[in-house]
Every structure is written in structure tokens, then in C-alpha cells.
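Worksheet: the structure to be examined is printed underneath.
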Amino acid sequence: MTVTNELWRHPDPQSTQMWKFLEHVNSKYGLQLNDYPSLYKWSVDNVAAFWEEAWHFTGIRHSKLFDEVLPEHAPMLPRPDFFAGARLNFAENLLFPGNAQVNGSDVAVITATENDEHLTETTWDELREQVRQCSNALQAAGVKENSVVAGFVANHVQALVALLSAASLGAIWTGISPDNGVSAVLDRLVQIKPKVLFSDNATLYNGKEWSGKAKTLEVVEALQKHGLELVVVVKGLQNFETGLDEIRVKGVKAEEYDEFLHSSPKEEPLVFAQLPPSHPLYVLYSSGTTGLPKAIVHTAAGTLLQHKKELFIHSNLSPRSRMLYYTTTSWMMHHWSVSSLSCGASLVLYSGSPFRPHGYLSLPRLLSSLKVTHFGTSAAYLTTLEANSVRPIDPVHNLDLSSLEAIYSTAAPLPPSTFAFVYTAFPSTINLASITGGTDIISLFGAPCPLLPVRAGEVQCAGLGMAISVIDSASDASDPRPVDPVGSEGDLVCLKPFPCQPLTFFGPGGDDKYRAAYFERFGTAMWHHGDFVRMNPSTGALVMLGRSDGVLKPAGVRFGSAEIYNVLIRFFASEVEDAVCVGRRREFDRDETVCLFVVMVPGKSFTSELRDRIKNVIKRELSPRHVPGVVEECGPAGIPRTGNGKKIEVAVKQILSGLKVKTNASVANPEALEWFRTWAKAAEEQLPK
């Protein structure tokens with residue numbers, strides 16, 4: 001396999017934490033590791049020893065050390081109990097980083113929006129004090145270990161304070177961005193029954209102020225039947241109502257955020273509950289490809305250690321670093337970037353359009369003025385800059401990007417051309433890293449690495465301790481086989497336990513859902529992640545080829561077809577009899593397009609007016625990001641199905657995307673797949689030459 005040209009190498013790799021960790025391992029174990037491949041091999045061959053060294057090297061703050069890292073010969077399933085016997089608190093590790101000295105008067109968090117005249121700086125001391133107040137107020141409201149606290153909030157310091165306050169008590173935090181529609185919010189929150197809800201009164205997006213009151217009232221109306229007791233409203237925009245009285249009418253207590261914090265007695269200290277490593281910390285949501293989104297429970301120690309490994313060792317974060325990740329509170333990259341605090345780094349929390357108020361230069365201007373060192377974004381953002389030939393480094397823009405050390409791109413594969421473009425648009429000294437992982441592990445399988453070069457189109461490496469492999473997609477569950485020849489495309493799997501494996505799925509039958517999600521396709525000996533991937537045997541780098549299941553990821557926003565189906569059933573049952581919804585990303589496409597094909601109720605006709613209504617309702621009920629780019633009527637054979645009636649979404653996705661990937665599905669109506677082949681060919685022929 002051809003090794004692509006290098007775009008970057010670290011000028012001084014021996015100055016990095018990765019190299020220091022390598023030297024530490026050599027010294028302790030009498031080894032002679034001298035590069036990343038040898039360090040990675042040691043980490044996956046010696047799983048328990050690696051994670052023990054990572055715990056100490058990254059500085060995990062704890063009140064009691066573990067008795068054992070990992071039981072000998074621990075399987076992937078049931079989930080092994082990493083670090084049994086230890087006691088720690090996630091929030092304490094972020095507010096009082098164990099491997100870094102921070103000055104209480106230094107800035108810890110900067111909150112930014114499209115209104116660039118209103119930046120809010122929060123020092124470490126102020127952040128700790130706000131968490132003290134919020135934590136004690138939550139405790140006074142009855143929040144305790146394992147209570148659920150939800151945030152229907154944008155990416156701002158108040159959301160961070162609520163998250164850390166919940167974690168300080170041992171409560172479970174879940175975040176949902178306010179751009180989600182009511183149906184999407186309730187599909188998630190009804191399952192986990194939050195006791196407290198934080199909600200924004202209004203948000204600023206794309207130059208327009210949006211009231212959140214109506215949606216909040218609908219959400220409260222539903223959740224008060226499922227145990228909601230208190231709503232705390234964040235007054236993000238001063239000229240909008242909070243809706244406190246209307247909330248109270250529904251039988252739920254309601255307080256404004258600042259007043260809620262000030263209700264905490266000044267003499268009450270900030271206390272961090274000391275909890276087992278496997279204590280639940282976050283709930284994130286799967287994409288709902290077979291029903292409601294599944295509520296994935298992530299643990300405190302697993303999340304913390306994996307994030308610190310990636311941020312401190314792989315990304316070289318320190319108290320001199322500043323992280324801005326363009327994300328919403330729903331996305332796992334929010335949780336990942338928040339953990340930058342555990343390295344002593346400061347955070348920029350941005351909420352709004354990436355193209356307001358200064359067009360394509362909006363975020364680059366922030367990077368310049370705030371001296372951001374680590375910038376995270378989606379592949380779609382970088383390809384948009386490329387498509388419009390926007391080069392922030394151009395002297396005409398008068399931006400100082402000299403502080404920038406790394407750009408992280410995720411949510412979709414970054415095209416090779418965009419790799420090359422970024423090195424002409426931003427300082428050529430940056431580590432451009434296309435990274436990959438997911439909500440399921442709240443972290444990364446493919447990570448940045450200062451000891452390796454950047455090559456166009458490749459994820460630099462598999463993360464330390466992550467024993468990944470590529471399995472032939474056509475393998476039977478009883479006999480999963482590595483791809484042959486090596487370097488061929490196949491399914492991404494992980495062969496050995498890792499601490500950030502989810503604890504379970506929330507609610508009844510959670511363990512069974514967990515098993516079905518990750519250990520059904522290839523058996524219980526390996527984690528099946530659902531990505532198509534190719535591993536370069538010459539470099540160890542990864543080339544991501546998209547999803548191997550029914551998950552959709554337009555513009556990097558991950559959701560499941562079931563969310564679309566639910567809307568069709570609720571609002572269009574009298575017109576639409578059946579449907580299949582998949583993502584299409586052909587080799588030449590810059591982003592994935594959501595494609596929805598419908599089967600009409602007999603006697604009903606498919607029209608452009610129906611197409612527009614479907615799009616508008618999906619936008620209203622879910623979000624603008626859910627709206628299909630293609631809405632068409634299926635052919636006469638209908639939806640492709642297996643013999644037992646299951647929709648064959650993956651085969652349709654592969655056909656539309658031009659992938660020739662083997663599938664072992666037994667198709668009951670193969671003529672339906674043939675119709676999609678014909679449709680895909682016709683759609684491609686209509687493209688401008």
C-alpha cells in the first residue's frame with residue numbers, strides 16, 4: 001500500500017508528554033521502546049500495566065488507590081471492573097487538576113457567542129465558587145448519588161457549572177442542545193427521568209435570537225409526569241422571558257439560575273463525593289437506528305482516564321494550553337473538551353453559528369484574539385473553508401494564529417484534499433489530526449500523535465491501550481476473520497478491554513441492549529464499533545470509510561433513521577406507508593447527505609408539496625440538521641427487507657454511496673435493491689461533468 005506524502009512532523013518530539021511517557025515506561029520496565037509503534041504495541045500487549053502507568057502519569061486525583069487495575073484474563077463482556085477499590089470524584093479532578101499547577105486568579109473558562117462584544121471570563125477561583133454554590137443548591141433540592149440532572153442548554157459556563165456540580169455529588173449528567181426539537185428531547189429524557197432540568201430562556205444563532213420558553217414548557221409538561229421536580233432557567237438573553245411562573249403552574253418548582261446559586265449558604269463548603277471508578281457520570285445517546293435512542297451510561301474513572309490519556313499524552317495539553325472545540329452540549333466532543341480542565345488548560349465555550357458575525361472568519365478571529373492553542377471542529381467546517389478558498393493565515397486578514405498548535409477534525413472522514421488545504425490556510429506548524437471514536441466510548445479509537453507524521457487522508461494512529469483490528473465484514477459471528485489481504489477495508493473492532501467501555505444502557509434491559517449493540521455482530525470476544533475502516537500496514541494509520549450500520553452523520557451530527565421514521569409515523573401515517581432513510585457519501589462527496597425514500601399509502605400520490613411538508617416537520621420536530629437532502633418515492637418493489645421483514649438499510653446506504661461491500665443479509669425482495677442501483681446511477685449521471 002502506498003504511503004502518502006507527509007504534511008507535518010513535530011519539530012521536537014522529545015519535548016512532548018508522549019515521549020516522556022515512553023521514557024517512563026522504558027525506565028520502569030527495563031525496555032528500549034524508541035517510537036510510537038513500539039509504545040503502542042507494549043500498551044495493548046500489557047493492558048493492565050499500561051492503564052496503571054497512565055493513571056499515575058496523568059495524575060488522577062483520588063482519595064483511595066485501586067486494589068487491582070484489571071482482573072487477569074478479564075473478558076470484554078461482561079464489562080470488567082477497572083481500578084476496583086479506588087475512590088475518586090470526576091469534578092474534583094477537573095477543578096483541582098492532579099498533574100498541573102493552576103493559579104486561582106487565572107482564566108479557566110471563556111464563554112463566547114456570535115456577539116463578540118460580550119465575552120465572559122471565569123477564573124479558576126470563580127469556577128470553583130460557582131460549582132460550590134450550585135452543588136449545595138442541588139443537594140438542598142434533593143439531588144444525591146445516582147439522581148439524574150439534565151441540561152437543555154447551549155455551550156456556556158453555566159452548563160459547565162451544572163455539569164460539574166452534578167458530578168461533585170455523584171449525580172448523573174446528561175446534556176441536550178437547545179436546537180433539538182421537543183420530540184427529540186423527550187425521546188431521550190423521558191427514558192432517564194431527570195429530577196432537575198437546566199434550561200436556557202433563549203439562544204442566539206445565525207444572527208437571530210430564539211426564545212426557548214415554548215419548548216421548555218412542552219418538555220416540562222411531559223417530564224413532570226416522570227419525576228421532574230425542579231427547573232433552573234439560565235437567562236442567556238436578558239430581553240427574553242424566563243417563563244418561571246408558567247413552569248410553576250405545571251406543578252414543578254422553578255428558579256432563575258443566578259438566584260438558585262445564591263440560595264446556597266456561604267458557610268457550606270464544596271464537598272466531592274468519593275465514589276467507585278465505575279460510578280455513573282454521563283448519559284449520552286445512541287443514534288436510535290432500531291427505536292428510541294439508547295441511553296448510554298459512561299463511568300467516572302473510565303471517562304476521566306481515557307480523556308486525560310488523550311488530552312495530556314496524545315495532545316500535550318498543559319496549563320499554558322487553551323482549547324476551543326466547536327460543539328454543542330449534545331455531542332461527545334463537548335464532554336471530551338471539558339476534560340481539558342483536568343490538564344490545567346483553559347476552555348473557550350462557544351455557542352452560535354461558526355459563520356457569524358464575521359462570515360467564514362468568525363471562528364478564526366476568535367482563535368486569534370483568544371490565543372487558542374487547540375482548535376476542534378468538524379470535517380464539514382474545514383471542507384467549507386476549502387470550498388470557499390478561505391485561508392485565515394492570509395496576511396490580508398490580519399489574524400495572529402501563532403499560538404495555534406493543533407486542529408482536530410472529527411465527525412466524518414477528512415478528505416485528503418482538505419488535509420493539504422489546511423496546511424495552506426493555517427500555520428504549517430500545527431498538528432492537523434483527523435480523530436475518530438464516538439458517543440459509544442465517549443472518546444477516541446484513532447488519535448493524534450506528536451511522534452508520528454501527518455499524512456493526507458489518514459488518522460495518525462490507534463490510541464494507546466486501544467487494541468483495535470479490522471475484521472472482514474462478511475465474517476460470520478461464530479468465526480470473525482481479519483481482512484485478507486492486510487490493509488483491506490472492513491469493520492473496526494477492539495479486541496481487549498478498555499476503561500471507557502460503557503457501564504450499561506440506562507433503564508430496564510440495559511445490559512441486554514448493551515450486548516446487542518456492540519457484541520452481537522462478531523460475538524462477545526470483541527467490541528464491534530460499526531465503522532468501515534482500512535488500516536495502512538506500512539504506517540499503522542487508519543483510513544475511515546464511513547459507518548457500517550444505519551447511523552446517519554450529515555455535517556458530523558450523528559442520529560438514527562428511527563428518529564425520522566418516528567416523525568413520519570406521527571405526522572404522515574395517512575399518506576406514507578413505509579420508508580427507508582440512509583446516509584449517502586460517495587467518494588467525491590464532501591459530506592454525507594440524508595436520503596429518505598417513502599412508500600405511499602395506496603391511493604395517495606407523492607408530490608413536491610408532500611416533500612416540502614416532510615422536510616419542514618422534520619426540521620420543526622427534530623432539528624435543521626435532521627432534514628433530508630433527498631426525499632423521493634421508492635420504486636414499485638418497495639423497501640428492501642430480509643426474510644424476517646427487517647429493513648436492509650446498510651445495503652441501500654452502500655449502493656447509494658458507491659461502496660462495493662459484501663453483505664450477508666438475505667434479501668427477500670432483491671428487485672428493490674436493483675431499483676436503488678438504478679436510481680443511484682441516474683443521480684450520478686445528472687451531476688455536472
Side-chain angles (χ1 to χ4, degrees), residues 1 37 40-41 43-45 47 73-80 286-287 289-290 412-413 434-441 443-447 457-498 500-502 514-551 553 558 583 585 642 646 648-651 653-655 657 659-666:
M1 186 171 292
Y40 171 75
K41 186 175 187 304
S43 75
V44 297
D45 288 346
V47 172
H73 307 302
M76 293 284 288
L77 188 77
R79 180 190 184 275
S286 76
S287 306
T289 56
T290 55
S434 180
I435 57 180
T436 184
T439 297
D440 313 87
I441 63 170
S443 60
L444 309 178
F445 276 126
E458 293 186 344
V459 178
Q460 281 182 283
C461 64
L464 291 173
M466 309 301 278
I468 66 170
S469 184
V470 184
I471 296 296
D472 187 333
S473 300
S475 294
D476 190 86
S478 62
D479 182 29
R481 301 182 307 275
V483 291
D484 183 20
V486 175
S488 300
E489 62 187 32
D491 270 80
L492 176 66
V493 300
C494 191
L495 303 177
K496 294 186 179 181
F498 50 94
C500 58
Q501 286 178 233
Y514 174 64
R515 174 190 290 265
Y518 311 116
F519 297 100
E520 188 173 86
R521 176 64 185 87
F522 294 120
T524 59
M526 61 184 69
W527 170 285
H528 175 230
H529 198 57
D531 280 335
F532 277 126
V533 63
R534 184 169 61 239
M535 186 178 293
N536 191 322
S538 302
T539 67
L542 305 172
V543 177
M544 306 306 296
L545 303 171
R547 296 292 296 176
S548 63
D549 55 21
V551 175
K553 292 179 72 174
R558 191 167 182 255
R585 183 167 182 156
T642 62
K646 186 174 182 180
I648 309 175
E649 291 179 338
V650 172
K653 176 177 180 175
Q654 291 168 357
I655 289 169
S657 300
L659 291 175
K660 293 181 174 61
V661 181
K662 293 174 287 185
T663 175
N664 59 4
S666 176

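All residue numbers refer to positions in the sequence shown, counting from 1. Just so it is clear, the values below take in all heavy atoms, side chains as well, and ignore hydrogens, waters and symmetry mates.
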Just wondering, do [Y] and [X] contact through their side chains at under 4.5 Å, heavy atoms?
X: T436; Y: L492; result: no
X: H529; Y: I468; result: no
X: P480; Y: M526; result: yes
X: Y514; Y: P502; result: yes
X: V533; Y: F445; result: no

> Can you name the residues that form a salt bridge (Lys or Arg N to Asp or Glu O under 4.0 Å) with D531, not counting sequence neighbours?
Replying inline: R547
>> R521 vs D491, test: side-chain contact (heavy atoms from CB on, under 4.5 Å). Steps then yes/no.
In response: CA-CA 10 Å; R521 176 64 185 87; D491 270 80; 5.6 Å; no
>> Strictly distance-based, threshold 3.5 Å: is any side-chain N or O of S475 a donor or acceptor partner for the main-chain N or O of R481?
In response: yes
>> Show, in sequence, the C-alpha distance, side-chain angles and deciding distance for L444 and V459, and conclude whether the side-chain contact (heavy atoms from CB on, under 4.5 Å) test is met.
In response: CA-CA 11 Å; L444 309 178; V459 178; over 6 Å; no
>> The test is side-chain contact (heavy atoms from CB on, under 4.5 Å); show your working for T524 and R515 and say whether it passes.
In response: CA-CA 8 Å; T524 59; R515 174 190 290 265; 3.2 Å; yes
>> Going by the rule side-chain hydrogen bond (donor to acceptor under 3.5 Å, both in side chains), which residues pair with S443 if we only count those two or more places apart in sequence or in a different chain?
In response: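 So S443 forms a side-chain hydrogen bond (donor to acceptor under 3.5 Å, both in side chains) with Q306.
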> When you look at M76 and Q501, which way does the side-chain contact (heavy atoms from CB on, under 4.5 Å) test go after all the steps?
Replying inline: CA-CA 9 Å; M76 293 284 288; Q501 286 178 233; 4.0 Å; yes
> How are the rings of Y518 and W527 set relative to one another: parallel (under 30°), tilted (30 to 60°) or perpendicular (over 60°)?
Replying inline: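 Taking W527 first and then Y518, their aromatic rings lie parallel (interplane angle under 30°).
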